[in-house]
Amino acid sequence: MPTLPPPSRDAAVETRVFWERFKVEIVAVLVLALLAIVGFGGYKFYSERRESAASALLGSAKTVPDLERVIARYPSTRAGADALLLLADAQRKDKKFMEANATLQVFIDKNPDHELVTSARMAMASNLESLGKPDEALTMYQKTAASYPKSFNAPLALLSQVHLLKARNKIEEARLVCEKILTDYRESFWSGEAARQLRVLKPPARSTIPPNLAVPSPLQGVPTQGAGAPTPKVTRPR
C-alpha cells in the first residue's frame with residue numbers, strides 16, 4: 001500500500017514558529033556580535049592613536065629623560081620598545097654597562113617576540129665583556145646562538161665566541177665554532193672572517209716522511225764537526 005507524503009507546511013509559518021521559540025537567544029547573539037565589532041573597532045582606533053602619540057613623542061626625544069618619559073607613558077607600544085633600546089645605547093656610551101644591561105633585560109622581558117631580541121642579547125654580552133666578565137659574556141653568546149639559530153645574529157654570536165675561547169686556550173673549541181659557521185652559515189657576511197680565523201687556528205702540519213727515511217742521527221762515539229772533532233788537514237800544493 002503506497003505511503004502518503006507528509007503534509008506540507010508553509011515555510012513562513014515554520015520561520016515564525018522558530019523565531020518565537022528562539023528570539024531571545026538570537027537577539028542576544030546579535031547583540032554580542034555587535035558589541036564585539038564595536039569594541040574591536042574602538043580598541044583599534046585607540047591603539048592606533050596611542051601608537052601615533054608614542055611615535056611623535058619618541059621623535060622629539062633628545063635626552064635620556066626624554067626617552068624615559070616615552071617608556072613610562074607608552075610602555076606597551078612599539079615606540080616604547082624602541083625607546084628602551086635607545087636608552088640602553090645611551091647608557092652604554094656613558095659606560096654605564098650594568099644599567100644598560102638592566103634596560104636591555106626589560107626590553108627582552110616585555111618584547112620576547114621582537115625582531116631585535118637577539119641584538120639586545122648581543123649588546124648585553126658585549127657589555128659583559130666591557131665589565132671584565134668574559135665567562136658570562138661567552139655564556140650569553142653561546143645561549144644566543146643556540147636559542148636563535150635562524151636569527152641574522154646567529155653567525156655573529158658564534159664568531160664572537162672565538163676570541164674568548166682563544167683567550168682561555170680552548171683552541172679546538174674555537175676551531176669547531178669556525179667550522180660550524182662555515183657549515184651552517186656559509187652565505188653569511190661573517191663566513192669570511194670565520195675562514196680567516198680557522199686558518200690562524202689550524203694546527204701545524206705533521207711530517208709525512210716515513211721514519212726509515214728520516215735523517216739519521218750521528219753515530220754514537222764518532223765525533224762530529226765541532227767540539228772534539230778532528231780538524232781536516234789542508235795541504236798546500238808544492
Side-chain angles (χ1 to χ4, degrees), residues 51 58 64 67-68 70-71 74-206:
E51 286 286 350
L58 179 61
V64 166
L67 294 171
E68 292 173 339
V70 176
I71 295 166
Y74 303 101
S76 59
T77 63
R78 188 170 184 84
D82 294 344
L84 283 168
L85 292 177
L86 292 172
L87 175 60
D89 185 59
Q91 291 168 331
R92 179 191 62 81
K93 290 177 179 177
D94 289 339
K95 301 189 183 302
K96 297 178 180 178
F97 301 113
M98 293 184 64
E99 292 86 344
N101 275 10
T103 301
L104 290 167
Q105 189 61 57
V106 171
F107 168 82
I108 293 171
D109 293 342
K110 288 188 174 183
N111 307 276
D113 299 323
H114 198 285
E115 61 270 19
L116 294 180
V117 162
T118 56
S119 297
R121 292 176 66 88
M122 292 293 292
M124 290 179 70
S126 177
N127 290 338
L128 288 171
E129 286 193 68
S130 299
L131 286 168
K133 299 181 178 181
D135 292 346
E136 294 181 31
L138 178 61
T139 300
M140 179 68 76
Y141 287 132
Q142 290 171 335
K143 287 183 177 180
T144 301
S147 301
Y148 304 90
K150 297 186 181 300
S151 166
F152 64 94
N153 272 318
L156 178 58
L158 287 168
L159 188 61
S160 298
Q161 300 173 32
V162 173
H163 72 281
L164 295 173
L165 291 170
K166 287 167 62 178
R168 299 171 69 178
N169 203 30
K170 295 188 175 183
I171 305 303
E172 184 60 26
E173 289 187 31
R175 290 181 65 252
L176 292 175
V177 168
C178 291
E179 290 174 357
K180 182 174 179 62
I181 295 172
L182 294 175
T183 301
D184 297 350
Y185 305 99
R186 186 175 302 175
E187 303 302 322
S188 167
F189 171 81
W190 304 107
S191 61
E193 177 61 18
R196 189 188 72 81
Q197 289 287 344
L198 190 59
R199 287 193 297 269
V200 173
L201 296 168
K202 189 175 181 181
R206 295 180 179 178

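Side chains are part of it too, since the values below use all heavy atoms of this structure and drop only hydrogens, waters and symmetry mates. The shown structure was predicted, so the numbers you read here are calculated from the model rather than taken from an experiment.
- At least one donor-acceptor pair under 3.5 Å links the side chain of S191 to the backbone N or O of S188.
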Apply side chain to side chain contact (heavy atoms under 4.5 Å, CB included) to Y141 and M122, showing your working.
-> CA-CA 7 Å; Y141 287 132; M122 292 293 292; 3.8 Å; yes

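- Between the side chain of T144 and the backbone N or O of M140, at least one donor-acceptor pair lies under 3.5 Å.
- Judged by distance alone, the side chain of T103 and the main-chain N or O of E99 form a donor-acceptor pair under 3.5 Å.
- The side chain to side chain contact (heavy atoms under 4.5 Å, CB included) with L116 is formed by just one residue from the set N111, D82, L85; it is L85.
- Interatomic distance, R196 CZ to E193 CD, rounded to the nearest 0.5 Å: 4.0 Å.
- Annotation: side chain of R121 is not in contact with side chain of N153 (no heavy-atom distance under 4.5 Å).
- Atom OG in S130 sits 8.0 Å away from atom CZ in R92 (nearest 0.5 Å).
- Contact annotation: the side chain of L58 approaches that of L67 to within less than 4.5 Å [non-hydrogen atoms, C-beta and beyond].
- Rounded to the nearest 0.5 angstrom, I71 CD1 and K110 NZ are separated by 8.0 Å.
- Ion pairing of K143 with E136 is absent here, as no side-chain N (NZ or NE/NH1/NH2) approaches a carboxylate O to less than 4.0 Å.
- With hydrogens and angles left out, the side-chain atoms of N101 and Q105 include no donor and acceptor closer than 3.5 Å.
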Is there a side chain to side chain contact (heavy atoms under 4.5 Å, CB included) between L201 and V162 once you walk through the steps?
-> CA-CA 10 Å; L201 296 168; V162 173; 4.2 Å; yes

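- A 4.5 Å side-chain heavy-atom check between P112 and V117 finds every atom pair outside the cut-off.
- The closest donor-acceptor contact from the side chain of T77 to the backbone of Y74 lies under 3.5 Å.
- Rounded to the nearest 0.5 Å, atoms NZ (K96) and CG (N127) are 13.5 Å apart.
- Qualifying side chain to side chain contact (heavy atoms under 4.5 Å, CB included) partners for L158, counting only residues two or more places apart in sequence or in other chains: A145, Q161, V177, K180, I181, Y185.
- Rounding to the nearest 0.5 Å places NZ of K133 at 15.0 Å from CG of L138.
- The two residues A79 and V70 come nearest to each other via the heavy atoms O-CG1, 4.1 Å.
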Carefully, step by step, assess F152 and T118 under the rule side chain to side chain contact (heavy atoms under 4.5 Å, CB included).
-> CA-CA 8 Å; F152 64 94; T118 56; 4.3 Å; yes

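- With values rounded to the nearest 0.5 angstrom, L176 atom CG is found 11.5 Å from I171 atom CD1.
- By the 4.5 Å heavy-atom criterion applied to side chains, Q197 and H163 are not counted as neighbours.
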